[in-house]
Engineer: 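Got a structure for you, written out below as structure tokens; questions coming shortly.
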Amino acid sequence: MTGGSGAAEHADAVVIGSGFGGSVTAYRLAEAGQRVVLLERGQPYPPGSFPRSPAEMGRAFWDPAAGLYGMYDVWGFKGCDSVVSAGLGGGSLIYANVLLRKDERWFVHDRPVPGGGHEPWPVSRDDLDPHYDAVERMMGATPYPLDQVPYDDTPKTHAMQDAAAELGLHSTLPPLAVSFASEPGGAPGVSLPIADPAYGNLHGAPRRTCKLCGECDIGCNEGSKNSLDHNYLSAAAHHGADIRTSHEVKAIRPRRGGGYEVDYVHHTDLTARKRRPPIRTITCDRLVLGAGTYGTTYLLLKSRKAFPGLSSALGTRFCGNGDLLTFLLRAKDRNRVRPLNASRGPVITTAIRLPDDLDGVPGAGPGAYIQDGGYPGFTDWIVNGFDVRGEFERAVEFLWGRFTEFFKDAPDTNLSKELSDLIGDGALTVSSLPLLGMGRETADGRLHLKDGRLAADWNARTSEELFNRVRKTMQGIADVLGADYADNPMWFRKRIITVHPLGGAPMGDHPGEGVCDAFGEVFGFPGLYIADGAAMPGPVGPNPSLTIAAQADRLATRLLEKTSARRGAGGPTAPPATGAEPAGGAGSPGGAGNGSTYGPASGSHGGTRGPSTVVAGRTSLSFTEEMKGFVTYGETDTRIGELAEGRRPLSFRLTITAADTDRFLAEPDHEATAAGWVDATGHGGRRPVERGAFNLFVAEAPEDRRLMKYRLFYTDGEGRRRTLSGHKNVLHGPPTRIWPDTSTLYVRLLDGHVAEDEEDGAQVVAAGVLHIQLTDFARQLTTFRTTGPDGAGKLLDFGRFFAGELWEVYGPDPA
């Protein structure tokens, strides 16, 4: 790890933050041979360096202005508080190791939420599954080995399983990023030496397998926790990534000529408060934001003036993933103490799943998970030694004071008395157990700046159904285990502590819906990516770390594909200049758009030339279209293919973008880019469009016909290249034909990526017809967006052109 120099320098890619988004992306880019610089504000924490003593814990907070550079970064907001991490490895240093996939049916799309807005997930489980696989392999995901000695002696795990069975709920041993064996596939054992992987370990410190001490959430001093520094970051360093700790980013902005500039400071003195360190700058072709939900959103909000045209969705769909902490106290079995031993084992070993309405369980409500919570074994002295009780209460008061000192204007946060009373009442005894809840809360919070600081508008009211359901189930678990139930004292003030903040720069299908597209690329700013929890458009439901990492892996795959495509076409490896007017609305799932390069090189789609790159001072126009229907494989006639007995569903969702509206209207082909996905049931499901073109009202013989043409290149689930070639026939006739003609698309699926002038000799794989439904058309009308000067005027020009062409076809014949 090195420090930055005083002079400006340049990298292929700069990654900000080393959490689940930043680490995964840095590794993938470095592995591909790119020069990557990763900037992490916190320090490295090799095994054995995590704070444990009261004095160490007192300085374990992040507040550089006060000379504190610890790993706990505490945020206090209206309605909720959060604890996140500053350190090499980000949130993985203090998370509870759980690697659960987002439930397939919980990828909702247009679910209305109170107060307006919705929770659209432009990605699906099919999209993420191969990336889930990759992350699980890298992080060594494995369930708790409860069936083997000595792990079978874990009372809290058995208690959770018993409670779930009694309540008729499904429980699992979720995959954990913990090493229970010396090497993958080996026999588990306590405190065994862990073999380093082929890429080594950047700390150069020995690691040992889990010793069941419950210290996961405060940093694993054994090194048995497979935090990101032990895998992705070590692999990234092995492949040449320049990883710089104690480097805090202060501002970002587009760079004249393309790419981005990043201002940062280097905290060279971590022991004493000194004068402000100097601002340094690094430039890059691609910039990846992985500073966490708060850090990334804060950076974008602070730098908003430098990014004209940035989506109005910035700051929206903030939530805490339904986090809720409660306690089971004094568990009994036949009037005898029932030991739960919360400090034995990893922090979490068991997950109980509450079904959702979306799972086909009517009346279930929003889905959720409940998990056992552990705490460090060294805290047993709190309840075993009366003589230190006063000292502990003073420690709680001090730590909570540090928690709230940064945010004195937050209401009702002085709870040290309630917390120490709760602990003194038995929360950490052998018969007590914390419970952790999380689920599909309503993502209607908003992050914004207040006096230059990050603020959040959030409350529990709109998610009360979820929280009440989770609390009721937790009370049921308490009853089964003969325990008393206690809410977190904060709950009585309707405040939540979340360790899973999400949203703020959410993904969406178009700029009116999200800040970035389904691959994390910011609309209108090519080469700028969001790789962390800020991009989540709503709650994940289970622990979100794995989903964030999988999405980052997917992001990196697309980024590398686009970089390779530019090099292969002989173009620059850096994105084109952003200019004063960023390209708007081009990106969408699978898009080649996002303002980076609008379409392929000349003739790639069989037209006269590809659409132009966005130029400063020009106005772009985009809209989103969704069509659904049927095709039959082995059929070449579209009408037969739509109705044949063996037909299969086919659909697509596209964002159509004209980079230069004036040029689009003036040129005879009226060509724009089409970016998005094709969903071919049984042939890989939803697949990204790799290149796409759309032509509006192309004149072809006979003279009474206009064509809308579509050409989409994609690859099916078995790696076979496919082309969707489609057209809408707008024929001369009565006005009653306007709707059926403009809403009916005749499609053929071709073998290979076939240009228009090569189609006659191409093999037809399938044929059929797609339609746009009236409800989808109504939604389409709300997606029109422009970016650049005189947007309203350009939209009006487009509308006049569209209406004029229809009049030319359907209007009365001249006398």
Side-chain angles (χ1 to χ4, degrees), residues 16-17 41 61-66 68 72-86 113-117 248-253 263-265 276 279 289 291-321 323 400-415 441-463 490 493-506 514-516 522 530 532-538:
I16 301 173
R41 61 178 176 162
F61 292 86
W62 176 263
D63 184 12
L68 296 174
Y72 299 113
D73 188 9
V74 183
W75 297 75
F77 301 119
K78 180 181 179 182
C80 69
D81 299 295
S82 284
V83 182
V84 295
S85 178
V113 299
E248 183 181 8
V249 172
K250 293 296 187 179
I252 58 176
R253 59 189 169 274
D263 292 343
Y264 66 91
V265 296
R276 290 183 178 180
I279 298 288
L289 305 182
T293 290
Y294 297 136
T296 288
T297 306
Y298 184 44
L299 267 179
L300 287 171
L301 286 168
K302 281 202 312 179
S303 305
R304 190 164 199 162
K305 288 184 179 179
F307 293 89
L310 194 63
S311 169
S312 61
L314 180 61
T316 65
R317 294 207 287 282
F318 168 69
C319 72
N321 201 49
D323 282 4
W400 196 260
R402 288 245 41 90
F403 190 107
T404 59
E405 182 179 333
F406 310 139
F407 305 99
K408 292 185 173 64
D409 58 343
D412 299 323
T413 58
N414 188 12
L415 300 175
E441 73 162 278
T442 301
D444 60 350
R446 187 175 187 93
L447 296 172
H448 57 93
L449 293 182
K450 181 180 180 182
D451 299 326
R453 301 173 71 177
L454 190 66
D457 293 330
W458 183 95
N459 63 69
R461 288 192 299 273
T462 54
S463 298
M490 282 190 167
R493 292 164 170 81
K494 291 295 184 285
R495 293 184 65 80
I496 298 296
I497 298 178
T498 179
V499 293
H500 300 136
L502 300 172
V515 174
C516 60
V522 175
I530 299 173
D532 53 31
M536 297 295 104

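These numbers come from the heavy atoms of this one structure, side chains and all, not from hydrogens, waters or symmetry mates. Since the model is a prediction, treat every value here as computed from it, not as a measurement.
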Engineer: Do you know which two heavy atoms are closest between N321 and E441, and how far apart they sit?
Structural biologist: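 Shortest heavy-atom contact: N-OE2, 3.1 Å.
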Engineer: Please report the shortest heavy-atom distance between P64 and E248, naming the atom on each side.
Structural biologist: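 Minimum heavy-atom separation between P64 and E248: CG-OE1, 4.2 Å.
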Engineer: Quick one, I279 with V265, criterion side-chain contact (heavy atoms from CB on, under 4.5 Å). Give me CA distance, side-chain angles, the key distance, then yes/no.
Structural biologist: CA-CA 5 Å; I279 298 288; V265 296; 3.5 Å; yes
Engineer: Over all heavy atoms of both residues, which pair between A505 and C516 is shortest? Give the atoms and the distance, please.
Structural biologist: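 Scanning both residues, the minimum pair turns out to be O-SG, 3.8 Å.
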Engineer: Whether the side chain of T296 engages the backbone of A534 through a donor-acceptor N/O pair (distance < 3.5 Å, no angle test) should be reported.
Structural biologist: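 No; zero donor-acceptor contacts below 3.5 Å.
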Engineer: Starting at CG of L502, measure out to OG1 of T297 and round the result to the nearest 0.5 Å.
Structural biologist: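 Answer for the CG-OG1 pair, L502 versus T297, is 10.5 Å.
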Engineer: Looking only at heavy atoms, which two atoms of G452 and Y298 are closest? And how far apart?
Structural biologist: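 It is O-OH, 3.1 Å.
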Engineer: With heavy-atom distances below 4.5 Å as the criterion, would you say the side chains of P506 and V515 are in contact?
Structural biologist: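 In contact.
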Engineer: Should we count CZ of R304 as having more than 12 external heavy atoms under 6.0 Å?
Structural biologist: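 Result for CZ/R304: enclosed.
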Engineer: I'd like to know if the side chain of R317 reaches the main chain of P537, judged simply by a donor and an acceptor atom lying under 3.5 Å from each other, with no hydrogens or angles considered.
Structural biologist: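 Judged by distance alone, yes, a pair lies under 3.5 Å.
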Engineer: What distance do I252 atom CD1 and F307 atom CZ have between them, rounded to the nearest 0.5 Å?
Structural biologist: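 The distance works out to 4.0 Å.
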Engineer: Does the T442 side chain pair with the main chain of D444, one donor and one acceptor, at a distance under 3.5 Å?
Structural biologist: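 No; judged by distance alone, with no hydrogens or angles, the pair does not exist.
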Engineer: Just one of V522, L289, L447 clears the side-chain contact (heavy atoms from CB on, under 4.5 Å) bar with L300, so which one?
Structural biologist: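 Single side-chain contact (heavy atoms from CB on, under 4.5 Å) partner of L300 among V522, L289, L447: L289.
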Engineer: Heavy atoms only: give me the nearest A443-C319 pair and the separation to one decimal.
Structural biologist: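 For A443 and C319, the tightest heavy-atom pair comes out as CA-CB, 3.9 Å.
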Engineer: How long is the span from the CG atom in D532 to the CD1 atom in I530, to the nearest 0.5 Å?
Structural biologist: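 Between D532 CG and I530 CD1, I get 7.5 Å after rounding to 0.5 Å.
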Engineer: Going by the rule salt bridge (Lys or Arg N to Asp or Glu O under 4.0 Å), which residues pair with R253 if we only count those two or more places apart in sequence or in a different chain?
Structural biologist: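 Expected list: E261, D263.
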Engineer: Does K302 reach the main-chain N or O of L449 with its side chain, forming a donor-acceptor pair under 3.5 Å?
Structural biologist: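 Side chain of K302 to backbone of L449: no pair is present.
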Engineer: What's the separation between atom OG in S85 and atom CZ in R41, rounded to the nearest 0.5 Å?
Structural biologist: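 Spacing of OG (S85) from CZ (R41) equals 8.0 Å.
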Engineer: List the steps, then state whether side-chain contact (heavy atoms from CB on, under 4.5 Å) holds for V84 with W62.
Structural biologist: CA-CA 10 Å; V84 295; W62 176 263; over 6 Å; no
Engineer: Specify the closest pair of heavy atoms between W458 and G445, including all atoms of both residues, with the distance to one decimal.
Structural biologist: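 Scanning both residues, the minimum pair turns out to be CD1-CA, 4.2 Å.
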